[in-house]
Amino acid sequence: MDLSKLERVEEFIYEIPADYRDDMNVPARIVADRSLLEQIKDDLSLEQLINVTTLPGIAFWALGMPDIHQGYGFPVGGVAATKLPDGVISPGGIGFDINCGVRLLRTGIVHRDVRDKIEPLVHELSRSVPSGYGRSGRLTLANAQMVEGVLEGGVPYLVERIGVGEPDDVEFIESGGRIDGANIAFVSEKAKQRGRDQLGTLGGGNHFLEVQVIDELFDEAAAEAMGLVPGELTVLIHTGSRGLGHQVCTDYLREFGRVMAEHDIELPDRQLACAPMSSEAGKRYFGAMCAAANFAFCNRQVLTHRVRQVIARELGEAVDAKVEVVYDVAHNIAKVEEFDGDEYCVHRKGATRAFGPSMPDVPTAYRDIGQPVFIPGSMGTSSFVLVGTDEAAAASLNSTCHGAGRQMSRTAAKKRIGGKELRKELASRGIVVRCPSNAELAEEAPLAYKDVDRVVDVVSQAGIANKVARLRPVGVLKG
DNA sequence: ATGTTC
């Protein structure tokens, strides 16, 4: 993309006007600075963002975050709101991994008290948490009824009916761990079958479970509200809806590809396949997508349960641990949200909802600080805790970034560094790593990602999230 | 991201 086409509309917001191409309905905007734009222009993400502006019913602008990169149809790191009732919903704007997201746990454990126990802890976590591509979990839902309970009942079902986790966990999950609108009738048997033994599994790719130390605070009041104390351990869980969500996405992409002509929708890229939210197919996808989102919240809930079991077993005697959910955010999802009295279908793909203090669905404990947001760095680099701002409503449709953002393909990363070499490098920095595959490890090498500090600084300077804390990894479990 | 090209 030629950067001369971009107009600077705010200090950290650039715009490609709607008249740049005949088929654009709204402008494309990107939250970035000059140095990030130099990286962003090299892949097709800005062209993809322009394609998104052609969606029927799109409002405001298609918005890119500083961690934007190329994805399926939509870029990863993008936000698009379509006006209801007739605006479209597009599976490519949500992603194959429906409700991929991040959950942070605080432990109350002081790192220096357990320094020599990190290695056995990470080892035991790796035994308790199945990871890697295609791996199944230890908890196989006994019958179809249980699968359906999870898909429609979300985390409250898991806590109340199956006894997985604590009742207090529920309010510290986005949407209470249960998205209203889930409908199991619209989830294919094949999708349910794929999900049946995958609850409580990490998966592959960039999914991970990390043991971290709270390294630095930027906002002491917000950190206190979240129970984040420097020197204490946290656990960050990054995973999604596994094969179940993938199958839901595949099923509906195929169907939308067929029905688009019936709605007279023509788009510059078939990967943008979509259907009006008011259409029969659109309603079915929305119901299935919400169900897959509930599955993902439940996946992170089962993993939380595993972490609690392992910490109690490994460190229980040594410390007074209290493993609690700080918050759980989705970063691949579409939700119905209101702006100025109208309803929109807000697609966030590789973008995080970032509600400021005045928005609903922020837990009472965070009423004064805003909704927590977690930005995982690449493997072995720091992660960040942020909070949403009220400014984000107008600037970014209550959204912020989701991670460092890939800057090198998986193949390119493997050419640059081997898994063995990377293991050594992480070990030399005192990070315990458990990963079954050297190849997968290399694909996630830090050099394949943008600088997360830069990404976080840009969203913070743009006013769409505030920095609260930095978390430094001491143990990583990968797929 | 993904029973890795139904």
Side-chain angles (χ1 to χ4, degrees), chain A residues 43 45 48 67-78 90-103 130-137 140-141 147 187-209 237-258 270-271 273 288-289 292-293 295-297 299-300 303 329-334 347-352 376 378-379 402-406 408-411 413-414 419 435-444 448-449 477-479:
Chain A
D43 71 11
S45 52
Q48 289 188 322
D67 51 337
I68 194 170
H69 57 99
Q70 234 174 287
Y72 181 91
F74 285 59
V76 177
S90 175
I94 290 147
F96 278 87
D97 189 5
I98 295 166
N99 190 4
C100 183
V102 199
R103 177 182 294 206
S131 69
Y133 190 74
R135 285 289 300 275
S136 60
T140 297
L141 295 171
V147 179
V187 179
S188 68
E189 282 308 315
K190 193 175 178 182
K192 284 189 264 193
Q193 192 52 39
R194 284 182 71 173
R196 212 174 139 176
D197 63 351
Q198 287 187 324
L199 211 54
T201 65
L202 210 46
N206 63 4
H207 289 164
F208 65 79
L209 187 155
I237 299 167
H238 179 200
T239 186
S241 51
R242 309 285 285 103
L244 184 142
H246 192 275
Q247 190 63 45
V248 167
C249 184
T250 305
D251 289 342
Y252 284 91
L253 277 173
R254 192 173 299 153
E255 182 176 345
F256 284 8
R258 287 195 305 264
R270 59 184 297 174
Q271 293 186 351
M289 188 271 300
F295 184 87
F297 283 133
N299 191 21
R300 297 194 283 275
L303 290 175
V329 289
H331 58 222
N332 276 7
I333 201 165
H347 300 70
R348 295 191 182 92
K349 180 192 196 180
T352 313
S378 55
M379 181 176 46
H402 89 305
R406 189 171 270 283
M408 192 184 285
S409 72
R410 293 170 185 277
T411 332
K414 279 188 282 194
C435 176
S437 151
N438 271 332
E440 284 226 30
L441 192 71
E443 287 178 2
E444 295 303 319
Y449 283 83
L477 202 72
K478 271 209 41 62

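Every chain is numbered from 1 and lettered A, B, ... according to where its sequence line falls, protein lines coming before strand lines. Being a predicted model, the structure only gives us computed values, none of them experimental.
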Can you check the [X] [atom1] to [N] [atom2] distance for me, whole Å?
X: A:I94; N: B:dT2; atom1: CD1; atom2: P; answer: 17 Å
X: A:L244; N: B:dT2; atom1: CG; atom2: C1'; answer: 12 Å
X: A:E189; N: B:dC6; atom1: CD; atom2: P; answer: 21 Å
X: A:L253; N: B:dT5; atom1: CG; atom2: P; answer: 16 Å
X: A:N299; N: B:dT2; atom1: CG; atom2: C1'; answer: 14 Å
X: A:D97; N: B:dT4; atom1: CG; atom2: C1'; answer: 15 Å
X: A:H207; N: B:dT2; atom1: NE2; atom2: C1'; answer: 10 Å
X: A:Y72; N: B:dT5; atom1: OH; atom2: C1'; answer: 14 Å

I want to check something: taking the side chain as every heavy atom from C-beta on, are [X] and [Y] in contact at a cut-off of under 4.5 Å?
X: A:E443; Y: A:S437; result: no
X: A:E444; Y: A:Y449; result: yes
X: A:H207; Y: A:D97; result: yes

Using a cut-off of 4.0 Å on non-hydrogen atoms, how would the nucleic acid contact of [X] be classed: base, sugar-phosphate, or nothing?
X: A:G240; value: nothing
X: A:G204; value: sugar-phosphate
X: A:E444; value: sugar-phosphate
X: A:G95; value: nothing

Check: Got a donor-acceptor contact below 3.5 angstrom from the A:N332 side chain to the A:N99 backbone?
Finding: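 Such a contact is absent between A:N332 side chain and A:N99 backbone.
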